[in-house]
Amino acid sequence: MKHLYPIILLFLTTVSFGQSGFNSDSFIVSRSDISTNTFEIDSTANALVIYEHGNSYIDQNTYSLKTEIKRKIKILNRHGFEWATAKIYLFNNNNRKEKVTQVFATTYNIENGEVTKTELKTDDIFEEKYNDKYTIVKFTLPNIQEGSVLTYSYVLESPFIYKYYPWNFQDEIPKLYSEYNTSIPGNYEYNIKLVGNQKLDKEESVVIKNCLSGPRNSSADCAKTIYVMSNIPAFIAEDFMTTKNNYLSRIEYELRVFKGFDGTVNNITKTWKDADNELRSDASIGRQISKSTSLKPLMGDFLTDKNNTLSIAQDIYKYVQDTYVWNGEYKIFNDVSVKNLIKSKSGKVSEINLLLHNLLEEHGIFVRPILLSTRDNGLPTKLFPVISEFNYLIVQATIDGKTYFLDATDPYLSFGELPFRCLNQYGRLLDFKSGSEWITIDPATFSSIQYQVDLKIANDRVSGKVKAKYMGYDALDKKKAFFKNESTYIDHIADLQSDINMSNREVQVTAKNSEVISETFHIERKNNGAVNDMVYLNPFIYKFFEENPFKLQQRTYPIDFGYKKSYLYSVQLDLGDTYEIVEIPEEILQRLPNDGGDFILKTTVNDQKLMLFFRLNFKESFYGPEFYPILKAYVDKVLDVQANSLVVLKKK
């Protein structure tokens with residue numbers, strides 16, 4: 001990024017958590033920890049972690065992974081009481097399972113001037129089933145009050161060494177100090193990934209000789225590492241983001257190589273070449289690709305132009321959309337069968353889109369499957385193959401030199417449009433001949449809302465005609481509501497201001513999967529802005545924003561719209577022979593840095609007609625956090641323009 005407005009530097013200045021009163025140096029509770037009841041750096045915080053410490057190592061006797069956890073939490077007000085409940089998720093796989101031991105928890109308060117301690121009873125620790133793979137150990141600390149300090153500790157023991165214990169430095173409440181110690185024997189080589197925007201304050205590593213013993217006097221050295229992060233702001237979720245797991249600052253591990261004491265070497269994490277070979281032979285992916293559908297003879301009845309490749313692809317796409325129903329399952333690696341889909345007419349995402357892939361290929365269209373992870377599933381790592389991080393499959397088709405992304409699970413999607421859940425930056429294009437590669441998932445076209453308004457003012461009433469047009473993702477909900485119940489949609493006026501009467505509403509849309517839905521209607525309302533011979537008129541009948549979705553003082557994660565957005569609004573006001581113009585809104589022309597968007601307001605007067613043109617463009621679907629203060633200021637300006645752009649008229 002070459003340049004940004006100076007305002008960015010002001011908003012991105014590092015915030016210091018220098019906060020007196022709390023003992024963030026140790027697990028010990030001080031009187032000041034209890035008596036200090038404000039956190040000036042974040043006045044919105046309901047609780048905060050004063051101190052936490054984790055220590056993971058391989059047990060010498062059982063070779064299981066043990067993690068010792070200590071945490072000290074301050075409850076600032078009653079809204080923070082939920083942080084008095086700890087939940088520990090334990091993974092289980094057949095007869096192997098994780099377990100938790102040595103649970104100790106204490107609540108500290110000041111009562112009648114004295115520090116009191118209330119300890120958790122063993123009977124208040126509960127275990128319950130979460131799903132087929134996890135159970136939860138849960139406990140709530142006793143005697144919680146505003147101002148309480150809570151401490152708890154436990155030991156987590158896991159036989160699943162391939163997944164070294166990850167550490168979350170950031171959470172939904174602030175943390176003053178978070179430390180994680182690891183001891184990893186040389187037998188285990190992990191891919192280590194630091195996620196999030198927060199920086200480590202300390203990362204130190206030393207080698208401890210002969211830390212783990214094996215059979216026949218064998219041993220391994222250990223890499224002992226200390227990670228420290230302090231003054232960590234709370235993660236606050238806001239609009240226009242994917243899952244918070246993409247942004248929470250944490251450390252994650254994936255076992256790459258295991259070396260046995262007997263000299264055997266097991267490469268756990270594969271290369272992408274290895275992963276491609278496995279996917280090629282996988283029963284749910286590779287063996288379903290290019291499988292004969294037996295439907296080609298039937299397709300002749302659905303093709304409207306057999307000499308036009310794009311038309312053939314669009315007809316096949318619509319056939320799959322209309323014939324096969326998505327059952328709501330995302331599964332791409334378990335029990336996938338295109339054959340079963342053809343029989344039952346209902347199936348998983350992967351089955352529907354693999355059928356689409358195979359039908360297109362049978363008609364000579366160049367196609368490739370793409371694995372991706374949905375927005376709520378998180379971004380897959382690019383550092384090494386982790387196939388389990390993918391949960392979705394779409395199709396890439398290349399026709400006459402142009403590339404289209406296709407998903408046939410929703411009958412309202414237009415050709416080349418993906419469900420919003422799929423707009424998650426990138427995916428893995430599978431090519432078993434040349435090798436798979438990462439590919440950007442970014443809609444090329446704008447989604448837009450456009451209003452063209454023709455108004456006349458006479459006496460105390462304003463009336464006119466509105467032409468509305470919705471394109472791309474902004475058309476989806478409109479199409480679904482219209483085709484679900486046309487009469488209800490026509491009569492629905494909840495999206496208009498309550499003081500406007502609407503009539504003669506007409507909708508123009510050719511099909512469920514049309515790119516555009518348009519409508520026209522007449523409006524009329526009483527003009528309440530008349531004062532003597534003066535009229536004060538706000539030309540914005542429609543408002544694109546009711547409030548600013550950007551409310552944080554600082555946002556450390558990106559703004560991810562998913563697609564490019566455009567808002568257009570034009571008004572022509574016929575003054576007739578009754579009024580003359582006294583004042584019109586000032587013109588505005590502002591641009592986002594690096595041509596990332598623009599904001600325009602223009603007004604012209606010609607032959608007793610006032611024309612107003614408004615446009616707001618977000619030319620990117622994804623903006624880094626450094627753009628946040630500018631986008632926030634832009635929307636504030638839009639709200640101001642919508643509310644205060646008055647046209648002042650005077651009777652002749």
Side-chain angles (χ1 to χ4, degrees), residues 25-28 51-71 88-104 152-169 177-195 199-230 249-271 274 381 383-386:
D25 294 330
S26 75
F27 189 60
I28 298 173
Y51 174 91
E52 68 177 3
H53 186 279
N55 180 37
S56 290
Y57 57 92
I58 305 298
D59 185 87
Q60 175 65 58
N61 298 315
T62 64
Y63 296 107
S64 61
L65 175 64
K66 285 191 174 179
T67 302
E68 302 166 349
I69 294 175
K70 297 178 180 179
R71 191 164 284 122
I88 308 166
Y89 291 82
L90 304 177
F91 181 71
N92 60 80
N93 187 9
N94 298 324
N95 294 324
R96 305 173 70 206
K97 60 183 297 184
E98 295 178 331
K99 63 179 180 179
V100 64
T101 60
Q102 302 180 51
V103 178
F104 301 102
Y152 60 81
S153 63
Y154 58 87
V155 176
L156 180 66
E157 186 172 348
S158 173
F160 308 109
I161 312 300
Y162 68 89
K163 197 74 171 176
Y164 203 85
Y165 190 79
W167 187 257
N168 292 325
F169 290 103
Y177 185 87
S178 180
E179 178 177 325
Y180 186 41
N181 294 355
T182 63
S183 179
I184 301 178
N187 309 67
Y188 304 91
E189 296 181 12
Y190 291 90
N191 290 309
I192 304 175
K193 181 173 65 170
L194 180 64
V195 181
K199 305 300 182 183
L200 291 168
D201 293 305
K202 179 180 179 181
E203 180 181 358
E204 294 180 356
S205 186
V206 296
V207 175
I208 307 298
K209 295 291 186 180
N210 303 321
C211 73
L212 186 67
S213 299
R216 296 181 295 277
N217 296 320
S218 59
S219 65
D221 300 337
C222 292
K224 183 175 177 58
T225 307
I226 301 175
Y227 303 98
V228 174
M229 194 177 287
S230 58
S249 292
R250 63 189 186 277
I251 264 187
E252 293 184 341
Y253 300 82
E254 188 79 24
L255 185 60
R256 182 173 70 247
V257 177
F258 171 72
K259 301 176 182 177
F261 285 110
D262 60 358
T264 58
V265 177
N266 187 2
N267 292 301
I268 306 298
T269 300
K270 312 295 183 182
T271 65
D274 296 326
T381 180
L383 299 177
F384 41 85
V386 185

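This is a predicted model, so every value here is computed, not measured.
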Quick one: does [X]'s side chain get under 4.5 Å of [Y]'s, heavy atoms only?
{"X": "Phe258", "Y": "Tyr162", "value": "no"}
{"X": "Arg250", "Y": "Pro166", "value": "no"}
{"X": "Ser213", "Y": "Gln60", "value": "yes"}
{"X": "Leu194", "Y": "Ile192", "value": "no"}
{"X": "Val100", "Y": "Val155", "value": "no"}
{"X": "Ile161", "Y": "Tyr190", "value": "yes"}

| field | Criterion side-chain contact (heavy atoms from CB on, under 4.5 Å) on Glu252 and Thr381, from CA distance to verdict | value | CA-CA 11 Å; Glu252 293 184 341; Thr381 180; over 6 Å; no
Heavy-atom closest pair, residues [X] and [Y]:
{"X": "Pro185", "Y": "Leu212", "result": "CG-CD2, 3.7 Å"}
{"X": "Gly186", "Y": "Ala220", "result": "N-CB, 4.3 Å"}
{"X": "Ser64", "Y": "Ser158", "result": "CB-O, 3.5 Å"}
{"X": "Ile184", "Y": "Tyr188", "result": "CG2-O, 3.5 Å"}
{"X": "Tyr63", "Y": "Gly214", "result": "OH-CA, 3.6 Å"}
{"X": "Lys270", "Y": "Asn267", "result": "NZ-O, 3.1 Å"}

| CA sep, side-chain torsions, deciding dist, call: Glu98, Tyr89, side chain to side chain donor-acceptor pair (under 3.5 Å) | CA-CA 9 Å; Glu98 295 178 331; Tyr89 291 82; over 6 Å; no
When rounded to the nearest 0.5 angstrom, what is the spacing between [atom1] in [X] and [atom2] in [Y]?
{"X": "Leu156", "Y": "Ile69", "atom1": "CG", "atom2": "CD1", "answer": "6.5 Å"}
{"X": "Asn55", "Y": "Glu68", "atom1": "CG", "atom2": "CD", "answer": "5.0 Å"}
{"X": "Lys224", "Y": "Thr182", "atom1": "NZ", "atom2": "OG1", "answer": "7.5 Å"}
{"X": "Tyr227", "Y": "Asp201", "atom1": "OH", "atom2": "CG", "answer": "14.5 Å"}
{"X": "Met229", "Y": "Ile251", "atom1": "CE", "atom2": "CD1", "answer": "7.5 Å"}
{"X": "Lys70", "Y": "His53", "atom1": "NZ", "atom2": "NE2", "answer": "7.0 Å"}

| request: List the steps and the verdict of salt bridge (charged side-chain N to carboxylate O under 4.0 Å, His left out) for Lys163 and Glu254. | output: CA-CA 6 Å; Lys163 197 74 171 176; Glu254 188 79 24; 3.1 Å; yes
With a cut-off of 6.0 Å (strictly less than), are more than 12 heavy atoms of other residues, nucleotides or ligands near [atom1] of [X]?
{"X": "Asn217", "atom1": "CG", "result": "no"}
{"X": "Lys259", "atom1": "NZ", "result": "no"}
{"X": "Lys99", "atom1": "NZ", "result": "no"}

| Tell me, which pairs form a salt bridge (Lys or Arg N to Asp or Glu O under 4.0 Å) where one or both residues lie in residues 203-214, sequence neighbours left out? |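 Passing the test, one end in residues 203-214: Lys202-Glu204, Lys209-Asp221.
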| Out of Phe169, Tyr51, Phe27, which one pairs with Tyr177 under the ring pair (Phe, Tyr, Trp, His ring centres under 6.0 Å) rule? |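 Answer after filtering Phe169, Tyr51, Phe27: Tyr51.
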| Step by step, would you call Trp167 with Thr67 a side chain to side chain donor-acceptor pair (under 3.5 Å)? | CA-CA 10 Å; Trp167 187 257; Thr67 302; over 6 Å; no
| request: Kindly assign one of parallel, tilted or perpendicular to the pair Tyr154 and Tyr152, based on the angle between their ring planes and the thresholds 30° and 60°. | output: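 The rings of Tyr154 and Tyr152 lie parallel, inter-plane angle below 30°.
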| Contacts of Phe104 that satisfy ring-ring contact (aromatic ring centres under 6.0 Å, His included) - sequence neighbours left out |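 Phe104 satisfies ring-ring contact (aromatic ring centres under 6.0 Å, His included) with no other residue.
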| query | Looking only at atom types and distance, does a side-chain atom of Tyr164 sit under 3.5 Å from a main-chain N or O of Ser56, one as donor and one as acceptor? | reply |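 Side chain of Tyr164 to backbone of Ser56, a donor-acceptor pair under 3.5 Å: yes, one is there.
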| request: Without swapping roles, check the side chain of Asp59 against the backbone of Asn61 for a donor-acceptor pair under 3.5 Å. | output: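 Answer holds: yes.
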